[in-house]
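As structure tokens, the structure follows; a few thoughts come after it.
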There are 2 protein chains.
Amino acid sequence: MPEAPAQAERFGKARAERSTALLEDYVELIADLFAANGEARAADVARRQGVTHPTALKNIARLRREGLVTARPYRGLFLTDAGRKLADAARARHRVVVDLLIAVGAPREAAEADAEGMEHHVSKATLKAFERFLAERRPADRDEAPQRQADEDESKTS
Amino acid sequence: MPEAPAQAERFGKARAERSTALLEDYVELIADLFAANGEARAADVARRQGVTHPTALKNIARLRREGLVTARPYRGLFLTDAGRKLADAARARHRVVVDLLIAVGAPREAAEADAEGMEHHVSKATLKAFERFLAERRPADRDEAPQRQADEDESKTS
DNA sequence: GGAAAAATTTAGCCGAGGCTACATTCCTGT
DNA sequence: ACAGGAATGTAGCCTCGGCTAAATTTTTCC
Ligand SMILES: [Mn+2]
Ligand SMILES: [Mn+2]
Ligand SMILES: [Mn+2]
Ligand SMILES: [Mn+2]
């Protein structure tokens, strides 16, 4: 067992990350919707999050309080500079995490699903390690070329 | 962007895992305390979680409601069969996640810290992939830092 | 044996993040 | 042009997981 203070610090870090996970997912999603549709509507956020629209609105109200999003009544959502910055960082980290999971052999769909939760707990140091690992394994490769194979059918994906 | 229903499912999975993360960490911790001290006290759980003792008590009440823990008033905590089973699985998965992070190059302390949050989002399929990856790399990887952790240490923590 | 200390439990308070029900405002199709 | 439907907003409820303060029980130690 780790020393008690070190362990408490780790648990505290995980708790803090849990509280920012929603912010990160929302700004990332809003940025994606904006890029894809030219606008980001609360109803779209709710549908893609899989929550009711009052829940999405309440969470968006929190994003506004934290200065990540602006919105005028009955209009779409807009990211502030801080929101865009956070969205870009979240999106880049998200992609690295997915790529790493696939690189070590996770099935693609499991990688996509697990990354959605894992990403929020990846520190800068670990993210750097992931990038280095990917750079070594896949030198300047871009498209899909699944050579390393672990492909098996598992309907049980949780 | 992924299809809306698929994305909603991933977010929903992450939300569900967030709600079981606390259960897993608590039973794992209680099992470790029991193994190390011969008993698990609520005060120890609180200190190692880095929360106040009423908070720990309230969460332990939830563990009891969910049939993972039993406790007699003013006495220590005991895992039920279900609790022990969950603790064993959580501990095993935790170790695999830490080992994998280190294997891909994360600094040891970052790996230990990040794993505390990440572990709860690792699906069975991904865990299997981690184990395969480690099994392939373990025999060859022998250059630094003797990592083979013996089972338990008894570092008198009270 | 009894007082002091420590551990445990109870009783609130709070914010985050879910939900339903209902009200309001836009927008679209006829 | 306007009626109906979709989107948006408000109100109120819930659980979870933090906290402090205070009461109770157990343990320790003189
Ligand atoms: Mn993401
Ligand atoms: Mn996410
Ligand atoms: Mn753990
Ligand atoms: Mn954990």
Side-chain angles (χ1 to χ4, degrees), chain A residues 4 8-27 29-30 33-34 37-78 116-117 120, chain B residues 4 8-27 29-30 33 37-66 68-78 116-117 120 157-158:
Chain A
E9 194 135 355
R10 286 172 200 163
F11 282 127
K13 166 181 176 286
R15 278 195 301 273
E17 287 158 352
R18 219 170 291 147
S19 101
T20 59
L22 182 139
L23 301 177
E24 293 173 349
D25 282 337
Y26 271 57
V27 295
L29 179 52
I30 289 170
L33 287 169
F34 206 90
N37 307 337
E39 63 179 353
R41 311 186 96 93
D44 293 335
V45 172
R47 186 173 59 260
R48 298 195 93 98
Q49 281 288 330
V51 298
T52 62
H53 73 270
T55 293
L57 283 177
K58 189 178 290 192
N59 290 334
I60 289 165
R62 185 181 157 209
L63 299 194
R64 292 211 271 165
R65 283 201 305 279
E66 311 227 354
L68 299 169
V69 160
T70 60
R72 291 191 309 287
Y74 293 97
R75 304 285 300 275
L77 309 170
F78 302 90
E116 196 54 77
H120 308 286
Chain B
E9 194 136 356
R10 288 172 198 164
F11 282 126
K13 167 181 174 288
R15 278 194 300 273
E17 288 160 350
R18 221 169 290 148
S19 101
T20 57
L22 181 139
L23 301 178
E24 295 173 347
D25 281 338
Y26 271 58
V27 294
L29 179 51
I30 289 169
L33 288 169
N37 306 338
E39 65 179 351
R41 313 187 93 93
D44 292 335
V45 172
R47 186 174 57 260
R48 299 196 91 99
Q49 281 288 332
V51 299
T52 60
H53 62 274
T55 293
L57 255 302
K58 188 179 291 189
N59 290 334
I60 288 166
R62 186 181 158 211
L63 299 194
R64 292 210 269 166
R65 283 202 305 280
E66 312 227 355
L68 299 169
V69 159
T70 60
R72 294 194 312 288
Y74 294 95
R75 249 53 199 187
L77 309 170
F78 303 90
E116 196 54 77
H120 309 285
T157 34
S158 279

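Quick note on labels: first sequence line is chain A, next is B, and so on, each numbered from 1. The model shown is predicted, which means the values in this text are computed figures rather than measured ones.
dT8(D) atom P lies 8 Å from atom CG of Leu77(A), rounded to whole Å. With rounding to whole Å, Leu33(B) atom CG is found 14 Å from dA7(C) atom P. Rounding to whole angstrom units, CG of residue Leu57(A) and C1' of dA23(C) are separated by 14 Å. What separates CZ of Arg64(B) from P of dC16(D) is a distance of 15 Å, to the nearest Å. Going from atom NE2 of His53(A) over to atom P of dA6(D) covers 13 Å, rounded to whole Å.
Gln49(A) is not listed as a side-chain neighbour of Thr55(A), based on a closest heavy-atom distance of 4.5 Å or more. Within the 4.5 Å cutoff, side-chain heavy atoms of Asp25(B) are placed close to those of Glu116(B).
At distances below 3.5 Å, at least one donor-acceptor pair connects side-chain atoms of Arg64(A) with backbone N or O atoms of Ala71(A).
At a threshold of 4.0 Å, the pair Glu9(B)-Lys13(B) does not count as salt-bridged, since none of the basic side-chain nitrogens sits closer than that to a carboxylate oxygen.
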Report each atom pair, protein N/O against N/O of nucleotides 16-18 of chain C, whose distance is under 3.5 angstrom.
unit_1  : atom_1 : unit_2   : atom_2 : d
dA16(C) : OP2    : Arg65(A) : NH2    : 3.3
dG17(C) : OP1    : Arg62(A) : NH1    : 2.9
dG17(C) : OP2    : Arg62(A) : NH1    : 2.4
dG18(C) : OP2    : Asn59(A) : ND2    : 3.1
dG18(C) : O6     : Lys58(A) : NZ     : 2.6

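If you check dT10(D), dA11(C), dT8(D) against the side chain of Pro54(A), the one that comes closest is dT10(D). Here the side chain of Arg75(B) is nearest to one of dT27(D), dT8(D), dA22(D), namely dT27(D).
At dT25(C), none of the side-chain N or O atoms of Arg72(A) fall inside 4.0 Å of OP1 or OP2 (strictly under the cut-off).
Of the listed residues (Leu68(A), Asn59(A), Leu77(A)), just one forms a side chain to side chain contact (heavy atoms under 4.5 Å, CB included) with Tyr26(A), and that residue is Asn59(A).
The base of dT9(C) has none of its N or O atoms less than 3.5 Å from a complementary donor or acceptor on the side chain of Tyr74(B).
Along DNA chain C, the nucleotide nearest to Ala40(B) and the one nearest to Arg41(A) differ in position, and the one closer to the 5' end is contacted by Ala40(B).
Residues His53(B) and Ala46(B) come closest through the heavy atom pair CA-CB, 3.7 Å.
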